[in-house]
Amino acid sequence: MKYISTRQQEETNIKTAILKGLADDGGLFMPEYIPQLDSAFFEKLPNLTLQEIGFRVAREFLGESIPDENLKEIIDEVLNFEIPAVKISENIYSLELFHGPTMAFKDVGARFMARMMSYFSEGKPMKVIAATSGDTGSAVASGFYNVPGIEVYILYPKGKVSPLQEKQLTTWGGNIKALEIDGTFDDCQALAKQILSDEELNQKFTLTSANSINIARLIPQSFYYFWAFAQLQKLGKPIVFSVPSGNFGNLTAGLFAKKMGLPIHHFVASTNANDIVPNYLETGIYTAKSSVQTISNAMDVGNPSNFERMKSLFDNDVSEFKREIDSYSFSDEETKIAMRKVRNDFGYTLDPHGAVAYLGFQKYLEKNNEELIGVLLETAHPAKFVEVVENVLKETIEIPEKLAAFGRKDKLATLLPNDLSKIKEAIMSR
Ligand SMILES: *Cc1c(COP(=O)(O)O)cnc(C)c1O
């Protein structure tokens with residue numbers, strides 16, 4: 001299968017698409033077509049394990065470039081934690097994506113990408129660049145920590161990630177370098193793009209991106225949509241996924257799953273005050289904005305990078321978009337009320353991102369009075385946002401040992417201004 005840039009100027013294979021991250025024309029790589037899974041797969045789906053599903057789906061996208069036994073081994077390592085669909089109420093399930101090493105869904109994509117890069121780079125030295133609004137950085141750091149030949153640079157916005165998130169980004173040492181940028185997440189994302197296309201750096205080093213712009217992050221995120229069906233299809237009702245969205249990688253992976261033949265009824269793209277996509281669906285006009293800070297900070301994105309991919313899936317047609325996706329924006333106040341309501345009514349603790357997803361599904365239900373199952377993608381463990389969650393729920397929440405261990409380590413970060421030349425210096429000096 002070929003991989004083609006969303007800006008049409010570059011065509012390559014999966015190996016190059018993964019190793020480069022971003023295409024030379026500035027676009028994002030997409031498979032030339034979305035493969036279909038056969039009916040035998042769907043008949044067996046309820047009896048398959050998460051790992052079996054992951055293998056089958058991944059093989060469709062990159063089976064020509066990696067032998068089955070290597071791919072199987074990689075998938076088994078990546079998916080070595082549970083992703084349960086936990087019942088919140090009669091018709092709402094929380095797909096808990098946070099049981100990996102850094103307790104956010106980004107572990108799935110980052111672990112897969114790290115292993116694919118290591119496989120395809122064949123031991124050649126490489127520098128991986130990642131901008132993060134919080135959770136990407138730690139998942140990427142965890143995925144790449146101690147991988148020989150690979151150095152990782154994580155750009156994160158100073159003062160705009162939670163204290164625990166910061167510890168998860170900055171306490172690795174070794175081949176992981178945290179760059180604390182005096183700017184916003186959008187600045188970090190823009191800097192990362194500039195670094196990746198910088199001629200001088202590209203002459204000296206092999207550079208690649210670890211953001212959700214990398215196709216290797218996206219592909220494995222489609223696995224768990226199938227896995228949710230495997231768990232819930234027996235309920236016999238249409239399934240709607242509410243996806244708390246920032247850069248829209250998670251949602252785009254869901255669109256892949258549906259195009260592969262998974263009968264997903266509808267998607268809800270739930271956002272916080274960063275309402276770029278809800279506005280686009282309403283007006284048909286895409287307007288990037290500066291991001292605003294919210295309590296669901298991993299979604300504070302003002303120019304979602306995967307919009308280009310979604311646009312190409314929908315042929316740039318807003319009515320096609322609307323056929324598959326409803327999108328709503330919610331304030332922090334609404335998010336807090338939802339967290340309290342779900343805690344009080346159902347005894348379930350949502351993190352702020354999951355709460356935005358809950359609100360999105362509720363809104364969809366108000367507009368569509370149907371018998372449905374809503375699956376919330378619960379993207380982070382509530383303890384990752386302990387300050388917000390305790391403040392909103394007025395109760396202490398238990399910190400899992402996996403997270404507590406980060407809190408005890410010392411921060412190692414280089415503070416830098418929002419200035420490409422200074423960041424280049426930091427990268428060159430290593
Ligand atoms: C990154 C992140 C999101 C947003 O995911 P996208 O794929 O960027 O839309 C939502 N919730 C959490 C906890 C995240 O870390």
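Everything numeric here is computed off the predicted structure, so don't read it as measured data. One-based numbering, in listed order, for ligands and for the atoms of each.
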- Task: Can you sort out the partners of Lys72 under salt bridge (charged side-chain N to carboxylate O under 4.0 Å, His left out), two or more places apart, ordered by chain and number?
- Result: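 None.
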Using 4.0 Å as the upper bound for N to carboxylate O, is an ion pair formed by [Y] and [X]?
X	Y	result
Lys384	Asp351	no
Asp326	Lys322	no
Glu308	Lys311	no
Glu10	Arg7	no
Glu77	Arg111	no
Lys411	Glu180	yes

Hey, which atoms in ligand 1 end up nearer than 4.0 Å to a heavy atom of [X]?
X	value
Met299	10 (C)
Pro244	4 (C), 10 (C)
Ala380	13 (C)
Asn247	6 (P), 8 (O), 9 (O)

For ligand 1, which is the ligand I care about here, please tell me if [X] has any N or O atom under 3.5 Å from one of the ligand's N or O atoms.
X	result
His353	no
Gly249	yes
Asp351	no
Ser245	no
Phe385	no

- Message: Around atom NZ of Lys2, are there more than 12 heavy atoms from other residues, nucleotides or ligands closer than 6.0 Å?
- Response: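 Atom NZ in Lys2 is not crowded, with 12 or fewer foreign heavy atoms closer than 6.0 Å.
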- Using a 4.0 Å heavy-atom cut-off, say whether Lys106 meets ligand 1 through its side chain, its backbone, both or neither.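 The part of Lys106 near ligand 1 is the side chain, not the backbone.
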- Message: Could you check whether any heavy atom of Ala104 sits closer than 4.0 Å to an atom of ligand 1, since that is the contact criterion I want to use?
- Response: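 Under 4.0 Å: no for Ala104.
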- Measuring from the heavy atoms of Phe98, does anything fall under 4.0 Å of ligand 1?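 Contact absent.
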- Query: Is it true that the NZ or CZ of Lys127 lies under 6.0 Å from the centre of Phe205's six-membered ring and within 45 degrees of the ring axis?
  - Reply: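 That pair qualifies as a cation-pi contact.
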- Message: Looking at non-hydrogen atoms alone, which of Thr271, Asn272, Asn250 comes nearest to atom 7 (O) of ligand 1?
- Response: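 Among Thr271, Asn272, Asn250, the closest heavy atom to atom 7 (O) of ligand 1 comes from Asn250.
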